[in-house]
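Order of listing sets the numbers, starting from 1, for every ligand and every atom in it. These values consider heavy atoms only, across backbone and side chains, with no hydrogens, waters or symmetry-generated copies.
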Amino acid sequence: MNSRTSQQPNLTKQDSHTTTKCLWRIVLIEDNPADQFIVEQFFDEIGNVDVSTYDDADTAFDHIHDIRKADCILLDNSLPGYDGLECLDEFNKAGNMPPIIMLSGTKDDKVVIETLKNGAKDFLSKDRLTREALERSITNAVSKHQLATELESRNEEARQFASVLSHDLKSPMRVMTLLSEEISSEFAKENFNQERTGLLFEELKTNMFYMRGLIHGLIGYVQSGRQQENFTEVDLSELVKTVIKAISHDEASRKPHIKVAPLPIVNGDQTGLTQVFQNLIDNALKFNESPERQVTISCDEKDYQYSICIQDNGIGIAPEHFEKIFQPLQRLHNQSHSEGTGLGLALVKKIIEQHKWDISVDSEVTIGSSFCINIPKP
Ligand code: ADP
């Protein structure tokens with residue numbers, strides 16, 4: 001196997017913010033040196049393509065984990081010991097592979113149809129191969145694959161969401177049904193217990209408020225995905241000031257210490273970003289049992305991005321929950337803080353992703369948490 005990058009050696013997608021972006025990572029599985037040379041020449045002309053070439057199928061199968069990271073596989077239809085369909089079959093069995101384009105000397109329609117039926121994204125004849133045809137075919141295969149992967153992950157998200165949602169709505173409904181049955185049986189009794197009935201009503205009200213919060217949260221969460229991206233210049237210092245004012249008003253009894261560093265002006269959705277900072281600061285105070293609740297909002301500026309962190313001295317989060325807390329309707333149930341619906345951070349993540357930014361969490365139980373938003377500079 002040999003690996004090289006045309007024109008831009010040692011280039012990976014990971015360091016794209018410091019160097020020219022790698023266009024594609026291609027795996028070429030081809031035993032004929034002349035054909036390898038032609039294809040690699042085309043990639044040289046295209047530029048910024050990282051090509052890893054394998055001379056035989058067995059070596060390629062041994063490197064399946066590396067190959068999975070490629071954007072596209074170019075597979076010779078006839079390799080020593082394997083024909084194209086056998087190779088395709090092996091890759092299909094391995095699962096989660098990038099799109100495969102078959103390169104072949106044959107023009108037999110039956111072979112072409114069989115190959116495409118078995119999952120190849122395109123079939124290119126080596127005799128008529130041009131740089132343009134290769135480039136077009138890879139562009140198509142890669143973008144279709146990206147769309148299919150995105151669709152699959154959205155479907156999975158929707159499936160998960162629907163199952164958690166039905167559970168979360170059913171449970172207060174069940175409690176409310178039981179409570180109303182108890183209340184009506186209490187009324188039917190001769191020795192009607194006013195105090196107990198009052199308590200049952202209180203509990204009914206709590207569940208109703210919870211349901212109302214959940215439904216409002218769900219509407220907000222679902223609608224936030226549909227909103228048109230309405231980006232303007234947003235002064236984050238001003239935005240955070242307004243959010244803190246509203247919170248400080250609510251929290252008059254236990255005034256928290258909130259320190260805010262100067263924040264940048266960014267291009268974003270003012271309403272969405274208000275929700276982001278509101279939820280993060282709210283959580284920093286809500287999940288905090290320290291006698292002096294402290295929240296620090298800092299900004300670390302680098303050449304290529306701002307990193308804004310909301311740090312608290314609260315109860316913290318165990319590392320195994322770092323991913324879970326960003327999923328809709330997920331709360332950490334070992335806590336006594338029942339307020340909330342588990343939609344806050346899911347909404348934050350959704351809004352951050354709409355901006356094409358990212359968010360991460362770092363935390364230590366009983367010490368505190370830090371939620372950082374990374375904002376690439378234009
Ligand atoms: P909610 O606040 O409605 O419970 P979120 O989606 O905002 O839902 O948060 C999900 C869970 O993540 C919370 O229930 C809580 O357990 C945990 N969490 C969020 N922020 C913090 C924080 N700053 N400190 C500790 N735990 C947190």
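- Qualifying salt bridge (charged side-chain N to carboxylate O under 4.0 Å, His left out) partners for Asp76, counting only residues two or more places apart in sequence or in other chains: Lys126.
- Using a distance-only test at 3.5 Å, with no hydrogens or angles considered, a donor-acceptor pair links the side chain of Asn207 to the main chain of Glu203.
- Taking the charged nitrogens against the carboxylate oxygens, Lys205 and Glu202 do have a contact shorter than 4.0 Å, which makes a salt bridge.
- By the 4.0 Å heavy-atom criterion, Phe371 is counted among the residues contacting ligand 1.
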Step-by-step disulfide (SG to SG under 2.5 Å) determination, Cys372 to Cys309: CA-CA 4 Å; Cys372 290; Cys309 297; 2.0 Å; yes
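- Between Gly344 and ligand 1, at least one N/O pair is under 3.5 Å apart.
- Residues Trp357 and Val266 have side chains in contact (heavy-atom distance under 4.5 Å, counting atoms from C-beta outward).
- Residue Gly316 approaches ligand 1 through these ligand atoms, each under 4.0 Å from one of its heavy atoms: 25 (C).
- Residue contacts with ligand 1 for Leu345 involve both N, CA, C or O and side-chain atoms from C-beta outward (heavy atoms, distance under 4.0 Å).
- Looking at Arg136 and Glu132, no side-chain N of the basic residue comes within less than 4.0 Å of a carboxylate O on the acidic one, giving no salt bridge.
- In this structure, Asp312 counts as a contact residue of ligand 1, since one of its heavy atoms falls inside 4.0 Å of the ligand.
- The heavy atom nearest to atom 20 (N) of ligand 1, considering only Asp282, Asn283, Ile325, is found in Asn283.
- By the 4.0 Å heavy-atom criterion, His321 is excluded from the residues contacting ligand 1.
- Contact between Gly342 and ligand 1 is present, with at least one heavy atom of the residue lying under 4.0 Å from the ligand.
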